Amino acid sequence: MPRVTFYPTGKCGEVPSGISLLDAAGKLGFELRHDCGGFATCSTCRVWVREGMDHLSEIDLDEENMLEEAQLPPPYRLSCQAKISGDVVVQVDGEEMDWSKSALEELSRLPEAFRKTVRMIVEKKARREGIAVILPDTAIPYVAEAKGEIEKVAHDRLLFEAFVKQVHESP
Ligand code: FES
């Protein structure tokens with residue numbers, strides 16, 4: 001039976017071949033968020049595939065459309081659609097934190113290509129520091145710092161991809 005591992009919790013176990021990642025989480029005793037009930041229309045069940053992309057079913061048109069609409073490039077998959085045929089390791093995005101409107105404006109000034117990654121860097125940092133809501137006081141310095149980090153690698157596609165991967169896979 002395929003072995004599935006979910007980070008950041010590290011929960012893992014064997015699950016029957018052919019079930020979705022969403023159902024695999026259920027079998028391992030926890031729930032992934034899935035607001036639309038598994039119909040490929042919300043993207044809240046997204047996961048970042050760390051290993052084993054080839055051990056997941058192909059992306060169909062509904063999933064492709066949703067990933068595109070939510071701007072989730074590979075190796076993102078919708079866990080409700082991706083069926084398992086071999087060992088996989090995935091990373092579950094944390095729930096997005098609340099940002100005040102003016103804090104979001106800080107993000108909106110960034111090039112779209114970085115925005116998601118900067119948001120993730122800022123939220124991970126804020127969580128580590130026990131901050132629950134991103135207000136401008138936090139957003140202004142944190143966004144600037146994250147932008148500076150990204151700009152160092154943005155000129156090189158491979159470096160940029162490695163940086164994004166590291167951000168996703170860090171706790
Ligand atoms: S649960 Fe909504 S897209 Fe998967």
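Positions are given from 1 along the sequence. The structure displayed is predicted, hence computed values, not measured ones. All ligand and atom numbering here is 1-based and tracks the order in the structure.
- Of all the heavy atoms of Ser79, none lies under 4.0 Å from any atom of ligand 1, so neither backbone nor side chain is involved.
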field: Evaluation steps, side chain to side chain contact (heavy atoms under 4.5 Å, CB included), between Glu151 and Phe114
entry: CA-CA 9 Å; Glu151 280 173 346; Phe114 309 169; 4.1 Å; yes
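- In summary, the atoms of ligand 1 found under 4.0 Å from a heavy atom of Gly38, numbered by their order in the structure, are 1 (S).
- Residues Leu21 and Tyr76 do not share a hydrophobic cluster, defined by chaining ILVMFWY side chains whose heavy atoms lie under 4.5 Å apart.
- For Cys36 atom SG and Cys42 atom SG, the angle they make at atom 2 (Fe) of ligand 1 is roughly 110°, to 10 degrees.
- When each atom of ligand 1 is checked for a heavy atom of His34 under 4.0 Å away, the hits are 1 (S).
- Vertex atom 4 (Fe) of ligand 1, arms ending at SG of Cys80 and SG of Cys45: the angle is 100° after rounding to 10 degrees.
- Atom NZ of Lys125 has more than 12 neighbouring heavy atoms from other residues, nucleotides or ligands inside a 6.0 Å radius.
- Gln91 pairs in a side chain to side chain contact (heavy atoms under 4.5 Å, CB included) with only one of the listed residues (Ser170, Pro171, Pro8), which is Pro8.
- Listed by number with element, the atoms of ligand 1 under 4.0 Å from a non-hydrogen atom of Ala40 are 3 (S).
- No continuous path of hydrophobic side-chain contacts links Leu107 to Val133 [ILVMFWY only; heavy atoms under 4.5 Å].
- A 4.5 Å side-chain heavy-atom check between Asp93 and His168 finds at least one atom pair inside the cut-off.
- Interface of Thr41 with ligand 1, defined as ligand atoms under 4.0 Å from a residue heavy atom, comprises 3 (S).
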